[in-house]
Amino acid sequence: MDARETLVHLRTLPTTLPGVLAEEPDPLTRAQLVGDLLAALADIEMALKAVRQPAVAELRDQGRTVRAIAAELGISPARVDQIAKGKRA
C-alpha cells in the first residue's frame, strides 16, 4: 500500500472505528482500547511531523517563498515558517 492508498484508508477510520469500538461490550476494555488508540495517534502525529518538517525546510532551501508553500499546502504563511523551523503550534 502506498502513501496515497494509506491516506484513503485512514480517511475512512473516523466513520468506521468509533462504531467498531462502540460494539465492545465491556466498558473498561472499550475505554482501554480508546486510550491505546489515542496514544498511538499521538505517536503517529509526532512521526509524521518529523517527516513534514524537513520537507518544508527543503522547499524553503529550494528558494520557494513561505507564501508559495502556504498556498500549495493550504496553510498560513506563519504556520509554514513555524514548521520549517521545527516549532510546535
Side-chain angles (χ1 to χ4, degrees):
M1 184 180 312
D2 70 9
R4 292 194 189 280
E5 290 172 331
T6 301
L7 180 58
V8 169
H9 178 70
L10 285 172
R11 291 196 184 273
T12 66
L13 291 178
T15 56
T16 59
L17 190 56
V20 170
L21 292 167
E23 291 175 5
E24 169 56 50
D26 179 48
L28 179 59
T29 301
R30 193 167 56 242
Q32 288 171 331
L33 287 169
V34 171
D36 290 347
L37 284 165
L38 290 171
L41 287 173
D43 292 343
I44 292 167
E45 181 181 14
M46 283 184 14
L48 292 173
K49 286 179 178 184
V51 173
R52 181 179 61 178
Q53 189 275 328
V56 172
E58 184 177 344
L59 291 169
R60 289 290 292 132
D61 291 344
Q62 291 175 352
R64 294 191 193 196
T65 66
V66 169
R67 286 180 189 244
I69 297 167
E72 292 181 60
L73 296 180
I75 59 178
S76 72
R79 186 67 188 120
V80 169
D81 190 54
Q82 290 173 336
I83 292 167
K85 293 177 180 175
K87 295 182 179 176
R88 295 181 183 212

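Here the structure is a predicted model, which means the values were calculated and not measured.
Contact record, Ala84 with Ala57: O-CB, 4.0 Å, taken as the closest heavy-atom pair.
Evaluation of the side chain to side chain donor-acceptor pair (under 3.5 Å) test over residues 2-24, restricted to residues two or more places apart or in two chains, returns none. Among residues at least two apart or in separate chains, salt bridge (charged side-chain N to carboxylate O under 4.0 Å, His left out) pairs with a member in residues 31-47 are Glu45-Lys49. Residues in residues 53-64 take part in these side chain to side chain donor-acceptor pair (under 3.5 Å) pairs, two or more places apart or across chains: Arg64-Glu72.
Listed by chain and residue number, Asp26 satisfy the side chain to side chain donor-acceptor pair (under 3.5 Å) test with Thr29 (two or more places apart in sequence, or in another chain). The side-chain contact (heavy atoms from CB on, under 4.5 Å) test applied to Leu73 returns Val56, Ile69, Ile75, not counting sequence neighbours. Here Leu38 pairs with Val34, Leu41 under the side-chain contact (heavy atoms from CB on, under 4.5 Å) rule; sequence neighbours left out. Pro77 pairs by the side-chain contact (heavy atoms from CB on, under 4.5 Å) definition with Val66, Arg67, Ala70, not counting sequence neighbours. Checked against side-chain contact (heavy atoms from CB on, under 4.5 Å), Leu37 has the following partners two or more places apart in sequence or in another chain: Leu17, Leu21.
Leu7 belongs to no multi-residue hydrophobic cluster, having no ILVMFWY side-chain contact under 4.5 Å with any other such residue. Met46 shares a hydrophobic cluster with no other residue; no ILVMFWY side chain has heavy atoms under 4.5 Å from its own.
Within the model, atoms CD1 of Ile83 and CG of Leu59 stand 10.5 Å from one another, a figure rounded to the nearest 0.5 Å.
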